[in-house]
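One structure is given below, encoded as structure tokens.
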Amino acid sequence: MESRYDPATVEPAIAARWSEAGAFSVSPEDPGDPFVIAVPPPNITGSLHMGHALNLSIQDALIRHQRMRGRKALWICGTDHAGIATQNVVERKLRDEGLTRFDLGREAFIERVWDWRAESGGTILEQFRRLGCSLDYAHERFTMDDGYARAVTRVFVALHDKGVLYRANRMINWCTRCATAISDLEVEHHDVEDVLYEIDYALADGSGVLTVATVRPVTLLGDSGVAVNPEDARFSGLVGGEAIVPLADRRVPIVPDDHVEIGFGTGALKITPAHDPNDFEIGRRHGLEEITVIGFDGRMTEAAGHRYAGLGSDEAHELVLADLRERGLVRAERPLHHSVGHCSRCGTRVEPLVSLQWFCDMEGLAAPATAAVRDGRVRFHPKGQERIYFEWMDAIRPWCVSRQLWWGHQLPVWYCACGETIVQESPPAACPTCGSAELRRDEDVLDTWFSSALWPFATLGWPDETARLQAFYPGNVLVTARDIINLWVARMVMSGIEFAGGIPFTDVVINSTIQAPDGRRMSKSLGTGIDPLELIAEHGADATRYGLLKMGSSQDVRFSAGAIEEGRGLCTKLWNAARLILTTTDPVAGAPVVGEPIDAWMLGRLDSATREITDAIDRFDLATAVKALYRFAWNDVCDWYLEAAKLRLYGDDLAAKLAVSQTLRHVLDRTLRLAHPFLPHLSEAIWSELGQPELLVAAGWPASGETPIDAEAERSVTAAIELVVALRRIRAENDLKTRAELTVGAPAGLLGASVELVRGLGHAAVLDGLDDGGVPVLVGDVPVTISGAGLAEALRPRLEKHLAGALAELERAERMLADERFVSRAPAALVEGERAKAEGFRREAAEARAQLDELP
RNA sequence: GGGCGGUUAGCUCAGCUGGUUAGAGCACCUGCUUUACACGCAGGGGGUCCGGGGUUCGAGUCCCUGACCGCCCACCA
């Protein structure tokens with residue numbers, strides 16, 4: 001065993017061993033109950049970031065724990081084709097070659113994407129592997145695989161046949177940069193500072209002007225009406241009349257509509273049905289014309305008029321404003337702070353446009369999915385996160401599923417010149433209506449999330465009734481970030497119920513959002529990102545996992561380098577502890593031996609640590625689990641047990657040495673098992689040094705209750721430990737040499753066999769019974785005596801401090817007890833407890849005073 | 001505009017249904033080349049629990065309110 005633990009060499013070696021053993025692969029025939037988690041498939045364009053690293057650390061801990069418990073634990077592995085993101089990456093590469101995707105054409109372009117994927121698409125999974133993730137890599141799936149594509153097509157056609165998926169001309173969110181429609185959930189709202197302009201529209205009858213308020217004057221070129229609130233007395237005479245849109249010189253009706261807020265702006269709203277979602281609704285209510293003046297390329301159309309056609313909308317904005325000013329029509333300008341939609345992919349301001357797209361009505365799918373959460377068949381952790389789900393589901397709107405991209409699942413839709421639309425899984429040979437073979441396939445592809453929604457079952461072979469599907473669906477747990485609860489989780493629940501016969505998982509664990517150390521969002525563009533790969537390179541994957549799990553306790557946490565370092569420290573500590581055990585004991589098999597009380601104490605601590613860690617994992621509280629492991633390994637095992645064991649390891653009694661060796665090896669064995677879900681490489685590496693024939697991955701999880709609790713041993717060891725701590729403090733505070741000769745007199749029978757512990761670790765002689773010549777000292781609530789050269793005088797400050805403390809506490813307790821309201825209203829047991837405490841403090845104070853009096 | 005979470009030691013965080021003297025890791029101070037580990041050992045100092053009200057015998061914990069930070073949802077130009 002190397003004397004230094006070097007994760008950079010150990011971890012890859014261990015990973016290779018797992019890989020060779022095929023340790024993570026699961027098949028339906030394997031024994032045990034299934035336990036299934038489907039990994040959130042990373043984008044093939046992605047690189048491991050902090051969010052992944054935490055998300056994966058949690059899942060791997062859960063999977064490894066269940067695997068050790070004997071479950072048939074499957075962690076479904078794969079990647080997402082990530083339509084827009086991937087297309088963007090490949091287009092950027094093309095641009096470097098001076099090409100656009102149109103130069104290549106659709107087929108050649110898609111081929112280029114596949115080539116790119118073959119080259120770099122596997123990087124992210126390699127990074128997952130480096131973190132130690134025990135995914136079933138052998139059954140990796142990709143959302144664009146043939147089989148997966150078949151599932152997508154099947155679902156599309158089924159929803160169409162059901163009548164909920166259809167084509168319609170509606171207002172959608174258009175990203176002019178990505179040149180595609182995006183769904184509402186892909187729009188991020190950011191607050192921006194705009195200017196609210198008040199613009200005069202002449203009344204058609206020449207009787208004056210009507211002033212409207214808008215932040216986008218450029219859209220007035222597409223105005224087809226002006227709306228006022230029907231209750232607004234200022235405009236009651238104008239409703240039914242007409243106004244003239246400036247610059248466009250168009251006569252448009254003045255219509256009454258409740259949507260217009262009387263108090264906002266001027267109370268008159270210009271209506272541009274083709275470029276604003278509200279105006280669209282109002283326009284349809286009043287039959288107003290939809291005039292598209294901004295095209296899909298973000299430029300002004302012919303309909304905007306010769307002067308503006310062809311200009312980018314920003315340029316046109318300036319020109320329109322200048323033209324209005326020249327005519328003296330801009331009455332006022334004031335700053336307006338409001339929120340505006342941006343493309344979540346590229347950050348471009350979203351352009352609301354009317355467009356012919358495919359939509360899916362969601363109410364029917366959402367209802368049973370909402371019910372599943374409401375009645376507890378699907379639970380969110382931590383509790384309360386399901387609010388996000390309900391809020392969206394209860395007000396769900398149609399989903400625009402078509403995208404004007406090339407990379408993705410092309411719609412299984414064909415059009416015939418005769419007007420027929422054919423929706424079916426395989427390409428039709430001829431039009432069923434007119435018989436024509438001249439069919440044109442819809443060019444659009446599906447929203448990436450449409451295919452992601454099928455992940456839990458499409459990865460298992462659905463729509464075929466495969467053995468894997470039967471064995472591993474439904475799954476158990478889903479671990480993900482809060483921001484895709486609606487985008488992904490909700491849609492999986494919906495599609496699982498609709499197509500796979502039931503909910504896809506029972507527990508949804510929402511992992512924390514890790515912020516930059518300064519509290520800002522971690523992002524590349526802000527420069528606040530911290531690369532987990534660098535952490536792994538510096539401290540190792542296990543340390544990184546430990547740190548992330550420890551951090552991930554509440555909803556949002558700031559990244560803490562200290563947590564990772566703590567993990568690193570724990571790894572080193574365990575490595576060195578193992579080195580001590582392995583180099584000082586012979587390989588001995590068999591159950592632990594209780595030779596001294598500390599052995600029983602150790603087994604008791606092991607038992608409670610086992611319970612604590614197991615319970616925490618079962619509650620999905622990995623932060624608590626990892627902290628319990630740390631405390632147990634460092635304090636119980638290393639600080640106390642190993643130090644105590646050395647007394648026998650380095651002693652002359654061979655039988656005692658053998659016995660303690662056996663217990664040490666047992667404790668190490670169990671500690672490694674408990675550590676494995678969190679520190680898989682380190683624990684496996686040490687495990688192999690133990691000479692175990694099987695991998696730790698497949699070893700059993702410790703059960704609590706393995707050994708009976710020995711209350712008497714635990715009591716005497718606890719007393720001995722307190723005594724040792726007291727001796728150390730006395731030495732440290734009084735600058736006494738570490739080995740200064742002290743003699744402790746303990747109440748008869750208190751220490752029992754633990755007397756050796758006090759001798760060995762406290763470096764003191766021990767008397768069974770109080771020593772008349774010693775200084776009385778209270779250890780916990782046990783009175784002992786300590787004697788040694790010069791000790792009495794040295795203890796004076798300590799005794800004085802103790803006396804003051806006892807008096808203060810006594811006063812506090814007496815004040816409480818003197819309060820009639822406390823005595824009469826607090827629970828009797830509490831009052832009694834306080835009385836007992838007061839009595840204790842009184843005795844302590846008296847004793848301390850007596851001791852002081854006795855000092856020379 | 002609604003809603004959620006947070007604000008506890010210099011830093012990052014624990015503190016269950018209100019009940020002793022509010023904890024941990026890191027950092028800091030003191031002393032240790034003790035034969036697993038200086039990525040260590042032993043000891044120590046350090047907190048008006050964001051502000052203001054309230055409920056209660058008793059509040060870090062419950063209620064109201066304000067401030068700040070982060071996030072989610074949202075078609076008021």
Side-chain angles (χ1 to χ4, degrees), chain A residues 1 3-5 171 184-185 189 194 196-197 212-216 219 227 259-261 263-266 268-272 276-282 336 338-339 341 352 382 384-385 387-388 391-392 395 397 482-483 485-486 512-513 515 517 519-521 539 543 550-551 553-563 565-566 568-584 623-624 627 630-631 634 638-639 642-643 646 650 725 728-733 735 738-739 763 805 808-809 812-813 816 819-827 829-831 833-834 837:
Chain A
M1 217 172 161
S3 66
R4 270 181 80 88
Y5 176 60
M171 175 70 57
D184 297 338
L185 285 179
H189 291 83
D194 269 333
L196 183 66
Y197 300 93
V212 305
T214 179
V215 293
R216 293 194 77 190
T219 60
H259 174 263
V260 182
E261 209 176 294
F264 190 92
T266 60
L269 177 62
K270 64 189 260 329
I271 304 300
T272 321
D276 181 277
N278 295 308
D279 293 10
F280 178 77
E281 296 295 329
I282 296 171
L336 182 73
H338 68 151
S339 128
Q385 300 289 345
R387 281 169 184 280
I388 298 171
E391 198 177 294
W392 184 67
R397 290 181 294 167
R482 212 166 33 247
D483 54 1
I485 288 178
N486 297 329
S512 319
T513 304
Q515 306 168 334
R520 287 189 294 169
R521 192 169 185 75
H539 301 288
K550 189 186 171 204
M551 275 178 246
S553 52
S554 54
Q555 195 177 89
D556 296 304
V557 282
R558 295 186 179 194
F559 178 80
S560 150
E565 283 156 20
E566 189 179 313
R568 177 65 195 267
L570 179 59
C571 289
T572 307
K573 189 73 172 172
L574 281 169
W575 182 261
N576 286 316
R579 224 153 45 83
L580 169 70
I581 294 171
L582 291 171
T583 55
T584 54
T624 296
K627 281 184 257 190
Y630 182 95
R631 202 209 51 72
W634 204 296
C638 294
D639 288 347
L642 289 188
E643 293 307 318
K646 283 178 185 172
Y650 298 142
V725 170
R728 285 172 179 167
R729 196 186 298 132
I730 286 166
R731 284 199 171 95
E733 285 179 355
D735 229 10
T738 311
R739 307 275 171 149
H763 305 295
E809 280 306 309
R812 185 198 54 77
M816 274 177 87
D819 187 340
E820 168 56 24
R821 293 171 308 176
F822 171 69
V823 177
S824 59
R825 297 192 205 184
L830 217 61
V831 177
E834 206 56 41
K837 271 187 279 176

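The chains referred to below are lettered A, B, ... by the order of the sequence lines, with proteins before strands, and numbering in each begins at 1.
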Query - Sugar-phosphate, base or nothing in reach of A:Pro827, heavy atoms under 4.0 Å - result: base
Query - Proximity to the side chain of A:Thr572 - top-ranked nucleotide from B:rA77, B:rC37, B:rG25 - result: B:rC37
Query raised in the report: Can a donor-acceptor pair under 3.5 Å be found between the side-chain atoms of A:Thr584 and the base atoms of B:rA36?
Result: no
Requested in this report: Would you mind reading off the distance between A:Asp639 atom CG and B:rG43 atom P, rounded to a whole angstrom?
Outcome: 9 Å
**Report entry** Opposite nucleotide pairing with B:rC41, Watson-Crick or G-U, both atom distances under 3.5 Å
**Finding:** B:rG31
Query raised in the report: When you check the gap from the basic side-chain N to the acidic O, do A:Glu643 and A:Lys646 get nearer than 4.0 Å?
Result: yes
Query raised in the report: Where the side chain of A:Leu269 is defined as all heavy atoms beyond and including C-beta, which of B:rA42, B:rC13, B:rA77 is the nearest nucleotide?
Result: B:rA77
Query raised in the report: Which one, B:rG19, B:rC72, B:rA36, comes nearest to the side chain of A:Lys573?
Result: B:rA36
Query raised in the report: When we call it a touch if two heavy atoms are under 4.0 Å apart, what does A:Cys571 touch: a base, just sugar-phosphate, or nothing?
Result: nothing
Query raised in the report: Distance check: side-chain N/O of A:Arg729 vs OP1/OP2 of B:rG44, anything under 4.0 Å?
Result: yes
Query raised in the report: Can you tell me how far P in B:rG10 sits from the matching atom in B:rC49, rounded to whole Å?
Result: 12 Å
Query - Sugar-phosphate only, base, or nothing, as touched by A:Val260 at under 4.0 Å among non-hydrogen atoms - result: base
Query raised in the report: Can A:Asp276 and A:Lys270 be counted as an ion pair, charged N to O under 4.0 angstrom?
Result: no
**Report entry** Any strand: nucleotide that pairs with B:rC71 via Watson-Crick or wobble, under 3.5 Å
**Finding:** B:rG3
Requested in this report: Write down the distance separating the P atoms in B:rG40 and B:rG46, rounded off to the nearest Å.
Outcome: 25 Å
Query raised in the report: Within the structure, does a side-chain N or O atom of A:His259 lie under 4.0 Å from either OP1 or OP2 of B:rA77?
Result: no
Report summary line: Side-chain contact check for A:Leu196: nearest option of B:rA77, B:rC13, B:rA36 is B:rA77
Requested in this report: Find the distance between OG1 (A:Thr272) and CZ (A:Phe280) and round it off to the nearest 0.5 Å.
Outcome: 13.0 Å
Query raised in the report: What does A:Ala577 touch in the nucleic acid at a heavy-atom separation under 4.0 angstrom: a base, only the sugar-phosphate, or nothing?
Result: base
Report task. Measure the distance from CZ on A:Phe280 to P on B:rA77 and round it to the nearest whole Å. Result -> 19 Å
Query raised in the report: From B:rA36, B:rA77, B:rG40, pick the nucleotide closest to the side chain of A:Trp634?
Result: B:rG40
Report task. Report the distance from atom CD of A:Glu565 to atom P of B:rC13, rounded to the nearest whole Å. Result -> 15 Å
Query - Interatomic distance, A:Met1 atom CE to A:Thr583 atom OG1 [nearest 0.5 angstrom] - result: 9.0 Å
Report task. Measure from CZ on A:Arg579 to P on B:rC39 and round the result to the nearest Å. Result -> 14 Å
Query - Separation between the C1' atoms of B:rC39 and B:rU56, rounded to whole Å - result: 49 Å
Query raised in the report: Mind checking the C1' distance from B:rC64 to B:rG70? Whole angstroms is fine.
Result: 24 Å
Query raised in the report: Are side-chain heavy atoms of A:Glu281 and A:His259 found at a separation under 4.5 Å?
Result: no
Report task. Searching all strands shown, indicate the nucleotide that pairs with B:rG46 (Watson-Crick or G-U wobble; both distances under 3.5 Å). Result -> none
Query raised in the report: Who is the Watson-Crick or G-U wobble partner of B:rA77, with both distances under 3.5 Å?
Result: none
Report task. For the residue pair A:Leu269 and A:Ile282, establish whether any side-chain heavy-atom pair is separated by less than 4.5 Å. Result -> yes
Report task. Could you check whether A:Lys646 gets within reach of a base, just the sugar-phosphate, or nothing at all, counting any heavy atom under 4.0 Å? Result -> base
Report task. By nearest nucleotide on RNA chain B, pick out whichever of A:Arg397 and A:Val725 is the more 5' one. Result -> A:Val725
Query - Span that lies between the C1' atom of B:rG2 and that of B:rU61, in whole angstrom - result: 28 Å
Query raised in the report: To the nearest angstrom, how far is A:Glu391 atom CD from B:rA74 atom P?
Result: 8 Å
Query - Atom pair distance, as rounded to whole Å: CD in A:Glu566 and C1' in B:rA14 - result: 12 Å
Query raised in the report: Can you tell me how far C1' of B:rG58 sits from CG of A:Asp819, to the nearest Å?
Result: 9 Å
Query - Partner nucleotide of B:rG10 by Watson-Crick or wobble geometry (both distances under 3.5 Å) - result: B:rC26
Query raised in the report: Which is true for A:Thr214 with a 4.0 Å heavy-atom rule: it touches a base, it touches only sugar-phosphate, or it touches nothing?
Result: sugar-phosphate
Query - Spacing of the P atoms in B:rC4 and B:rC41 (rounded, Å) - result: 45 Å
Query raised in the report: If we take the P atom in both B:rC28 and B:rA14, what is their distance in whole Å?
Result: 24 Å
Requested in this report: Examine the base of B:rA42 for any acceptor or donor lying under 3.5 Å from a partner atom in the side chain of A:Glu643, and report the outcome as yes or no.
Outcome: no
Query raised in the report: Between A:Arg728 and A:Ala578, which has a closest nucleotide on RNA chain B that is more 5'?
Result: A:Ala578
Query raised in the report: Hey, does A:Tyr5 have a side-chain heavy atom less than 4.5 Å from the side chain of A:Asn576?
Result: no
Query raised in the report: Heavy-atom distance under 4.5 Å between the side chains of A:Ile485 and A:Trp392, does that happen here?
Result: no
Report task. Could you give the distance separating B:rC26 and B:rC63 at their C1' atoms, to the nearest angstrom? Result -> 37 Å
Query - Per A:Lys550 side chain, nearest of listed nucleotides B:rG25, B:rG43, B:rA74 - result: B:rG25
Requested in this report: Could you check how far CZ of A:Arg558 sits from P of B:rG70, rounded to whole Å?
Outcome: 9 Å
**Report entry** Per A:Ala732 side chain, nearest of listed nucleotides B:rG25, B:rG43, B:rC4
**Finding:** B:rG43
Report task. Nearest 0.5 Å please: distance from the OG1 atom of A:Thr624 over to the NZ atom of A:Lys627. Result -> 5.5 Å
Query raised in the report: Reckon A:Glu820 touches a base, only the sugar-phosphate, or nothing at all at heavy-atom distances under 4.0 Å?
Result: nothing
Query - Residue A:Leu185, side-chain heavy atoms: nucleotide from B:rC72, B:rC73, B:rA77 that is nearest - result: B:rC73
Requested in this report: Output the single nucleotide from B:rA77, B:rU12, B:rG2 whose closest atom is nearest the side chain of A:Asp276.
Outcome: B:rA77
Requested in this report: Looking at every strand, decide which applies to A:His189 at a 4.0 Å heavy-atom threshold: base, sugar-phosphate, or nothing.
Outcome: base
Query raised in the report: A:Thr624 near the nucleic acid: base, sugar-phosphate alone, or nothing, with a heavy-atom cut-off under 4.0 Å?
Result: nothing
